[in-house]
There are 2 protein chains.
Amino acid sequence: MDIPQRKERKESATTSSRVFDAMRQDLVNGRFAAGEKVAINGLKEQYRVGLSPLREALNRLAAYGLLVQENQRGFRVPRLDRRELDDIAGMRRELEGMALERAILNGDAEWESELLAAAHRLKRADLSLDKVDEWERLHGRFHRTLVAPCGSVWLLRFIDQLHDQFDRYRRMAPGVPAVRRILDAQHGELVELALERDVKAARALLEDHIERSYEVALGSCK
Amino acid sequence: MDIPQRKERKESATTSSRVFDAMRQDLVNGRFAAGEKVAINGLKEQYRVGLSPLREALNRLAAYGLLVQENQRGFRVPRLDRRELDDIAGMRRELEGMALERAILNGDAEWESELLAAAHRLKRADLSLDKVDEWERLHGRFHRTLVAPCGSVWLLRFIDQLHDQFDRYRRMAPGVPAVRRILDAQHGELVELALERDVKAARALLEDHIERSYEVALGSCK
DNA sequence: TTCGATCTCAAAATCGATTTATTCATACCA
DNA sequence: TGGTATGAATAAATCGATTTTGAGATCGAA
């Protein structure tokens, strides 16, 4: 089975798409202050690109929901809002729960292997805490692999989008090591339940997983 | 209650956003052939705009899912694909069903009024068949009003996106007058069930409504 | 003082031209 | 013949400069 990751055609990337990818990462990782107005001329230097590709990237990010576009007034980073976090987390529970049920029904042996591999890579990565970005990458990848065979391209698309939104909050929040350990353990349990094809238990655990992450992420809204 | 429609701030629209709106309409209404490669220089003349705002609009449309962007190879109109229509219709059933349940639980008296008004406007409009675009506008507006008080901005956003995708297929398909009459009648029945706060029946009817629309829309594939 | 109009500056949006990449046709060689 | 290199021609992407807009300062009158 082919577990599609973020970008299939990296070959001959355009300047605009490279900036899009880089800024998406930076926005999700909280490297821009929430609510901040985006200084286009500043970004031009920061990413070493011209105005046209930069503006195209900003337009895409706005359509994707990681920036807010105000006509004639440029772009700004969305504020962190408790209400919106509730919304995002709630939608994650609904959509990822739905996707996981379907994935467990559809997933084949190849998926089982991918899932075990992704979980293992994630587990190994969090031992070396110095590379947070790498851990984040593997974490996102694990969750994507978990629901990948759900059979709906649109569902996966929405889930990806919600993940990016959610992570922006989570990465702004202070870490909670005790909860982090529980969350990490749940990744392994999710794999077990998925392999056992225990649809109900797996869904319940995933929803609990999201709920606990949500409580951590709440720390960003104070 | 405030039923937010498509655009809140029309004031001082930018060229890029006007082109975005116009092209979104045209794409949803099937005024571009499916699978067709987008000739940027042609569009420049068609919409009477320069290259920069046009490209920004295309980038947004691609992020929104109404165009496909291929690096260094420009943009193309997505193909009509039976599998994808299945996916879109299925997701509409799930998400709009979910949203309707919540809307019925949350909707207040103002919503009831808006809903009656939207249904009435729609009913009156389809008597004068010469203005299809106007009917489409009111139809979309009715369905949006129906689920508006669901309480989730993200759910509404996804539903809007799926509607645009779905309508692209439906508007490409030949009309089926007999089914159209049933669908029109269902709009009124949906309002009745919503006002009676009959969550289960309303959801079932909405899912049936989408299913019948889907069967019409199937006419566009092959 | 306070309100409103006008001006100024900085930033956003747009334009026209240039650069870069892809496609398709043609020629060359194994 | 089949495959691969070469070279316009075409289209996409990017650049640098210009135009337009919005925010804030300044002035003047009630």
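These numbers were taken from a predicted model, which means no experiment stands behind them. Just so it is clear: chains get the letters A, B, ... in the order the sequence lines come, proteins before strands, and each one is counted from 1.
Here the CZ atom belonging to A:Arg157 is positioned 11.0 Å from the CG atom belonging to B:Asp87, to the nearest 0.5 angstrom.
Taking the side chain of B:Gln72 as heavy atoms from C-beta on, and the options C:dT14, C:dA21, C:dA17, the nearest nucleotide is C:dA21.
Look at B:Arg55 and you'll find a side-chain N or O under 4.0 angstrom from OP1 or OP2 of D:dA13. The side chain of A:Arg73 places no N or O atom within less than 4.0 Å of a non-bridging phosphate oxygen (OP1 or OP2) of D:dT21. Distances shorter than 4.0 Å separate none of the side-chain N or O atoms of B:Thr14 from OP1 or OP2 on C:dA12. Phosphate proximity of C:dT14 to B:Thr15: present, with a side-chain N or O under 4.0 Å from OP1 or OP2.
Between the CG atom of B:Asn71 and the P atom of C:dT22 there is a distance of 10 Å, rounded to whole Å. The distance between atom CG of A:Leu51 and atom C1' of C:dA12, rounded to the nearest whole Å, is 9 Å. Look at CD on A:Glu70: it is 18 Å from P on D:dT21, rounded to the nearest Å. The CG atom of A:Asn59 sits 16 Å away from the C1' atom of D:dT14 (whole-angstrom rounding). Between the P atom of D:dT14 and the CG atom of A:Leu54 lies a distance of 11 Å, rounded to the nearest Å. Here the P atom of nucleotide C:dT14 and the CG atom of A:Leu58 are 14 Å apart, to the nearest Å. Between the CD atom of B:Glu56 and the C1' atom of C:dT14 there is a distance of 9 Å, rounded to whole Å. Computed from coordinates, the B:Glu45 CD to C:dG16 P distance equals 13 Å when rounded to whole Å.
The existence of a salt bridge linking B:Arg137 and B:Glu134 is confirmed by a sub-4.0 Å separation between a basic side-chain nitrogen and an acidic carboxylate oxygen. Salt bridge B:Asp160/B:Arg24: absent, no basic N to carboxylate O contact under 4.0 Å.
Using a distance-only test at 3.5 Å, with no hydrogens or angles considered, a donor-acceptor pair links the side chain of B:Asp108 to the main chain of B:Glu110. Judged purely by atom type and a 3.5 angstrom limit, A:Asp167 has no side-chain atom pairing as donor or acceptor with the backbone of A:Arg170. A:Ser220 contributes no side-chain N or O that, together with a main-chain N or O of A:Met172, makes up a donor-acceptor pair within less than 3.5 Å. Side chain of B:Trp111 to backbone of B:Val147: no donor-acceptor contact under 3.5 angstrom is found.
In the region residues 37-44 of chain A, proximity to DNA chain C at under 4.0 angstrom, judged on heavy atoms, holds for A:Lys37, A:Val38, A:Ile40.
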